[in-house]
Peer 1: 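Just passing along the structure, written as structure tokens.
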Amino acid sequence: MSLLAIDRVKVTYGNVVALAGVSLAVGTGEIVALIGANGAGKSTLMKAVMGQVRLAEGSISFDGVSLASRRTHERASLGIAYVPEGRGTLRQLSVRENLLMGAFARRRDPAIADDFARVLERFPPLAERLALPAGTLSGGQQQMLVMGRALMTRPKLLLLDEPSLGLAPLIAADIFQTISSLTETGVSVLLVEQNAHAALKLAKRAYVIEMGKIALQGPDLLHDPRVRESYLGEVALD
Amino acid sequence: MLLQQLTNGLMLGSTYALVAIGYSLIFGVLRLLHLAHGEVFMVGAFAGLIVVLWFSLGPFAAVFGGLVVAGILGIILELVAFRPIRRRGDNYLAPIVSSVGAGLVLQEVMTKLFGAEQQGFPRQFAGAVYDLGIISITSTQIFIIVVAFASMIALHLFVTRSRLGVAIRATSENLEIASILGINVDFVIMLTFAIASALGGIAGVLVGLNFNAVSPFMGIDMATKGMAIMLIGGLGSIYGAMAGGLLLGVGEVLSVAYLASSYRDAFAFGLMIIVLLLRPRGLFATGIGEAR
């Protein structure tokens, strides 16, 4: 059974149909990539999972539980960590406060301190800047911070929206490296990326979304001629 | 002489600051003005007065009474005047009108219950006068300064050291991100109203003690000043409200001493205009108030 099951979800903004019956599944410990052009509905799908947009039709369940009546903070407490596009650091809070807010729903869980230490170990630049306001960090450091903050929730599922956006190639590679190492801890990842090549290399399975519909899906889209032509900027030679 | 004025100004300013912090806290989480906050301040003052007159208790009990009653009133106002409108979607005007309405209801209820005239604390509350050579200060004035500054320090520790306090700051910076992190923002908003109102209630008791006057209409002037101070300090900034309150209190007392007492309120708003001309986002700009 899949951890996240999205079933024929339809979302509309006024008269505009953002998602026209999307079904998608993420299994436990799996990295799944979602690629598509701007405005295809990738971010809307993530917002639908977090309960930030209303479903016109369809259903979403997580860990066997229907999310229909759950509010955003309850979905977070169930184990879904969402890193929105544009990072979403709390700029006026210090790096330490940002990380500790990640563990908000865990109340006074004694393991928070261990996770805090582990996050700093994984992202050493954060350890040197704990007392600084998050707004003073560089783009790459802010991405580390939101990933670290998401890990502080001890998520079962991580929703990452454009984690490499605006980052220098070396730093982006670092972030992708981190994502791939996450699955060793049993976390599932749903990854939305503009950088289709990196996303498809990282993910076991992928979906291609076009105009609010899943156009393609499968385990080996990196070598699919249609994907190569439309999303990898290559002309299929063979 | 100057030192004496500064002391009086700090005392007055610390009560202004307590009221202004309430506006800032609530503006922070809701991006809305709570236009019944002046009446919460007034009800707090009455609660303190009742504790003293009916139960013959001392000033600390009066402050405690003001804090509790105003805090509960704040929660009720949030549930009655703000939350039902928020549930129906974005509307900037409706909560403003509903909070003005709630304020008027509170004024009239208190007038019915206690009459429209000013009432004072018993004579023994005037306290002893200590002559320290350069300044003289009454025990009531010392009490006001101590309670006001202790409240501000307690608030500072709460929003920087406690999990819920940091959650208030997180919600105030970005409500959506806060809820993604598992923070129940509706609960945080209610908690913010409780704290803002409790501080307003404390200020009500302190101002009542200072001028020895409590009336159903004492919140009106305080409300305008509180909002002016929030603008001076920077929208939604707690520390801006503290600094702005003290600045205005000192400025007001100095203007009365060296200019003329009739310019008192003109000075307050003149200061606001000058600060906003020089620093449009206030002394402690937060970035709040821009679109989010």
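Values in this document were obtained by computation on a predicted structure and should not be read as measured data. Order of the sequence lines sets the chain letters (A, B, ...), proteins ahead of strands, with each chain counted from 1.
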Peer 1: Look at the aromatic rings of H156(B) and Y239(B) and report parallel, tilted or perpendicular, splitting at 30° and 60°.
Peer 2: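 The arrangement is perpendicular - the two ring planes meet at more than 60°.
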Peer 1: Under the salt bridge (charged side-chain N to carboxylate O under 4.0 Å, His left out) criterion, do K42(A) and E85(A) qualify, and how do the steps go?
Peer 2: CA-CA 11 Å; K42(A) 297 170 305 209; E85(A) 188 183 346; over 6 Å; no
Peer 1: What part of L93(A) gets closer than 4.5 Å to chain B, counting heavy atoms only: side chain, backbone, both or neither?
Peer 2: both
Peer 1: Taking side chain as everything from C-beta outward and backbone as N, CA, C, O, which of these in R108(A) sits under 4.5 Å from a heavy atom of chain B? Side chain, backbone, both or neither.
Peer 2: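 Side chain of R108(A) only, per the 4.5 Å heavy-atom cut-off to chain B.
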Peer 1: Do you know which of Q52(A), R106(A), R107(A) has the most heavy-atom pairs under 4.5 Å to chain B?
Peer 2: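 Top count of heavy-atom pairs under 4.5 Å with chain B: R107(A).
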Peer 1: Report which part of R71(A) has an atom under 4.5 Å of a heavy atom belonging to chain B: side chain, backbone, both, or neither.
Peer 2: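 Side chain only.
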Peer 1: So which residue, T72(A), T89(A), L90(A), ends up with the most heavy-atom pairs under 4.5 Å with chain B?
Peer 2: L90(A)
Peer 1: A quick test of your reading: do over 12 heavy atoms of other residues, nucleotides or ligands sit less than 6.0 Å from CZ of F267(B)?
Peer 2: yes
Peer 1: Side chain, backbone, both or neither: which part of E74(A) has a heavy atom under 4.5 Å from chain B?
Peer 2: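 Neither the backbone nor the side chain of E74(A) comes within 4.5 Å of chain B.
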Peer 1: Could you tell me whether R163(B) sits above the aromatic face of F104(A), with NZ or CZ closer than 6.0 angstrom to the six-membered ring centre and within 45 degrees of the axis?
Peer 2: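 Judged by the rule, R163(B) and F104(A) form a cation-pi pair.
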Peer 1: Identify which part of I180(B) has an atom lying under 4.5 Å from any heavy atom of chain A, answering side chain, backbone, both or neither.
Peer 2: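 Both backbone and side chain.
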Peer 1: Mind running ring-ring contact (aromatic ring centres under 6.0 Å, His included) on H73(A) and F187(B) for me, showing each step along the way?
Peer 2: CA-CA 11 Å; H73(A) 72 270; F187(B) 174 75; 9.8 Å; no
